[in-house]
Amino acid sequence: MVLRIVETSDPAGTESLGAEVAAGLKEGDVVLVRGELGSGKTTLVRGAARALGVTDPVTSPTFSIGHRYRAERVTVSHLDLYRVAGLEHEDPALLADYLGPGRIAFVEWPSQDHGELSDARLQVTLSHRGGDRRRIELGELRGGERGG
Ligand code: ADP
Ligand code: MG
């Protein structure tokens, strides 16, 4: 279900929206973050992580599938599954360290290969709108309607 559609005109606007999203999250929550390369997924996660108390630089995971940032009240996980789509069968526990109690997880490039993500609560979908403009759709997920 679509909750909200927003258009931002710069990275700061997208970070602010991330902070708003973060304000509604609780530990154990998983947020799927979809959209083409450069659409602002990592930028949005950065804003959310900041709002959750992360002070370390939030950067795109490159040499691993994700980063974990410890904040005061929660650990913020940031996963980028771009390169691991389809590998889940080889290691079903791949995501286990990033999800679950005490953690709030943001997942870029989620896929249906990752069954653990079927519990995700929110989905953010970003798209390019020319220049620095981005359309950002916030959606609520219920079991079985998360799409691929
Ligand atoms: P993704 O993770 O989707 O590949 P990033 O967040 O890493 O995207 O990069 C988005 C790029 O687009 C950054 O260089 C950012 O500065 C730029 N940008 C320009 N306008 C916006 C906007 N409105 N929202 C988010 N990023 C923007
Ligand atoms: Mg990214």
Side-chain angles (χ1 to χ4, degrees), residues 1-71 74-88 90-91 93-100 102-141 145-148:
M1 188 181 80
V2 176
L3 299 173
R4 209 172 142 198
I5 298 173
V6 175
E7 195 167 292
T8 65
S9 51
D10 56 23
T14 298
E15 286 192 23
S16 295
L17 187 65
E20 283 183 48
V21 169
L25 299 174
K26 56 184 191 318
E27 63 160 281
D29 280 347
V30 176
V31 180
L32 308 183
V33 189
R34 301 181 186 276
E36 290 167 27
L37 212 63
S39 59
K41 299 182 295 298
T42 296
T43 301
L44 183 127
V45 173
R46 181 175 300 122
R50 284 273 169 278
L52 290 166
V54 172
T55 52
D56 286 342
V58 175
T59 56
S60 193
T62 45
F63 297 108
S64 64
I65 66 163
H67 290 147
R68 272 170 299 171
Y69 302 98
R70 209 159 301 152
V74 76
T75 292
V76 177
S77 298
H78 177 200
L79 287 137
D80 185 331
L81 302 181
Y82 187 70
R83 289 169 306 277
V84 295
L87 294 185
E88 179 66 4
E90 295 172 32
D91 182 5
L94 198 62
L95 307 188
D97 290 343
Y98 296 89
L99 310 175
R103 293 163 193 165
I104 291 177
F106 297 88
V107 186
E108 296 186 36
W109 301 105
S111 92
Q112 282 174 337
D113 299 328
H114 304 105
E116 304 100 307
L117 301 181
S118 59
D119 289 337
R121 211 159 73 82
L122 284 179
Q123 171 166 281
V124 184
T125 307
L126 300 95
S127 44
H128 292 273
R129 274 294 178 272
D132 287 350
R133 308 197 72 83
R134 303 289 191 274
R135 176 189 189 272
I136 307 176
E137 182 180 299
L138 305 183
E140 193 174 38
L141 297 171
E145 81 167 26
R146 73 200 157 93

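When a ligand or atom number is given, it counts from 1 through the structure's own listing order.
Scanning all protein heavy atoms for the shortest distance to atom 23 (N) of ligand 1 gives Asp132 O, 2.7 Å. Nearest protein neighbour of atom 24 (N) of ligand 1, counting heavy atoms only, is Thr14 OG1, 2.6 Å. In terms of protein heavy-atom proximity, atom 16 (O) of ligand 1 is nearest to Pro11 CG, 3.4 Å. The nearest heavy-atom contact from the protein to atom 8 (O) of ligand 1 is Gly40 N, 3.2 Å.
The environment of Glu7 atom CD is dense: over 12 non-hydrogen atoms of other residues, nucleotides or ligands sit within 6.0 angstrom.
If you check each of Thr59, Asp10, Leu17 against atom 22 (C) of ligand 1, the one with the closest non-hydrogen atom is Asp10. Looking at Arg134, Lys41, Glu108, Arg34 and measuring to atom 17 (C) of ligand 1, the nearest heavy atom belongs to Arg134. The residue among Gly38, Gly18, Gly35 with a heavy atom at the shortest distance from atom 4 (O) of ligand 1 is Gly38. Nearest to atom 7 (O) of ligand 1 by heavy-atom distance, out of Thr42, Asp80, Val45, is Thr42. Closest to atom 9 (O) of ligand 1 by heavy atom, among Val33, Leu126, Thr43, is Thr43.
Under a 4.0 angstrom heavy-atom cut-off, Ser60 registers as lying outside contact with ligand 1.
Only the backbone of Glu36 comes within 4.0 Å of ligand 1, judged by heavy-atom distances. By the criterion of a heavy-atom distance under 4.0 Å, neither the backbone nor the side chain of Leu44 is placed next to ligand 1.
Among the atoms of Asp80, no N, O or S atom is found under 2.8 Å from the Mg ion (ligand 2). Within the coordination shell of the Mg ion (ligand 2), defined by N, O or S atoms under 2.8 Å, Tyr82 is absent.
The side-chain heavy atoms of Arg103 and Tyr98, taken from C-beta on, include no pair separated by under 4.5 Å. Side-chain contact between Lys41 and Asp80 is absent, with no heavy atoms from C-beta onward closer than 4.5 Å. Counting heavy atoms from C-beta on, the side chains of Val45 and Val76 never come closer than 4.5 Å. Annotation: side chain of Val58 is not in contact with side chain of Phe106 (no heavy-atom distance under 4.5 Å). In this structure the side chain of Val6 never reaches within 4.5 angstrom of the side chain of Leu138, judged on heavy atoms.
If you look at Glu108 and ask which of its N, O or S atoms sits nearest the Mg ion (ligand 2), the answer is OE1.
Checking side-chain atoms of Arg68 against main-chain N and O of Asp97 turns up a donor-acceptor pair under 3.5 Å. No donor-acceptor distance shorter than 3.5 angstrom exists from the side chain of Arg70 to the backbone of Val74, with no hydrogens or angles considered. Under the 3.5 Å distance criterion, the side-chain polar atoms of His128 are matched with a main-chain donor or acceptor of Leu37.
For ligand 1, the polar-atom distance check against Arg133 finds no nitrogen or oxygen pair separated by under 3.5 Å.
Between Leu122 atom CG and Leu3 atom CG the span is 6.5 Å, to the nearest 0.5 Å. Here Ser64 contributes atom OG and His78 contributes atom NE2; the two are 10.5 Å apart, rounded to the nearest 0.5 Å.
The Leu37 neighbourhood of ligand 1 comprises atoms 4 (O), with distances under 4.0 Å to a heavy atom of that residue.
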